[in-house]
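Below is one structure, written out as structure tokens; comments come after it.
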Amino acid sequence: KELAKYRSTESAEMLRDAPLSFELLKVGFGPVVAMMRKNIVQAKERVKEQAVFSLYSGHDTTLLPLLGILDSLDMRWPPYMSNILIELWETPSSESYIRVIYNNRIVATKSNWCDLSWCPLQTFLAYLEKFLPGEDYIEKCQVLPE
């Protein structure tokens, strides 16, 4: 139990709370965020010949950065068979919302940047925008911390 508590604290510090966690996430996970964001936008715009369902497979070390990016309160090490669902919903009046579920529960955020049970699509996309890697991310990957 102590190891799980330590890993939770360690994960939260490294992937959400540390001064350099934003840069770490942007450089290390930004390309994945860009791909996910692109697929959400294409699904919303109903781009022909594009999938409306995307499945990404990874490990605990894939889920933790995504939880960090989402600013999740739950930064515990993901249990076996964990999953994150990012759902795009559209109302009858054509308003779009995102719902994010982690292991059958709505993701609660530390900073309350959005209610992920019904987050307006544009709010969600704008939030993800700051994690896009930019064109210089390969160079940034090679910079050693001071």
(message) Under 4.5 Å between side-chain heavy atoms, counting indirect links through other Ile/Leu/Val/Met/Phe/Trp/Tyr residues: same cluster for V41 and V32 or not?
(response) yes
(request) Spell out, yes or no, whether M36 and F131 are grouped together once hydrophobic residues are joined by side-chain heavy atoms under 4.5 Å, including indirect joins. (result) yes
(request) Locate the shortest heavy-atom distance separating I98 from I40; write the atom from each residue and the value. (result) CD1-CG2, 4.1 Å
(message) As a test of understanding, state which of L88, L125, T91 forms a side-chain contact (heavy atoms from CB on, under 4.5 Å) with S96.
(response) L88
(message) Using the rule that Ile, Leu, Val, Met, Phe, Trp and Tyr join whenever any side-chain heavy atoms are under 4.5 Å apart, tell me whether L128 and Y56 fall into a single cluster.
(response) yes
(request) Please check if L121 and W118 belong to a single hydrophobic cluster, counting links between Ile, Leu, Val, Met, Phe, Trp and Tyr side chain heavy atoms closer than 4.5 Å. (result) no
(request) Check for a donor-acceptor pair, side chain of D71 on one end and backbone N or O of S111 on the other, with a separation under 3.5 Å. (result) yes
(message) Treating N103 as the side-chain partner and I84 as the backbone partner, does any N or O pair qualify as donor plus acceptor under 3.5 Å?
(response) no
(message) Under a plain distance cut-off of 3.5 Å, with no hydrogens placed, do W77 and D60 share a side-chain donor-acceptor pair?
(response) yes
(message) Centre-to-centre under 6.0 Å for W89 and Y97, is that the case here?
(response) no
(message) For the residue pair D74 / S72, report whether a side-chain donor-acceptor contact shorter than 3.5 Å exists.
(response) no
(request) Please answer whether the main-chain N or O of A108 pairs with a side-chain N or O of Y102 as donor and acceptor at a distance below 3.5 Å. (result) no
(message) According to a hydrophobic-cluster definition based on side-chain heavy atoms being under 4.5 Å apart (Ile, Leu, Val, Met, Phe, Trp, Tyr only), do L73 and I101 belong together?
(response) no
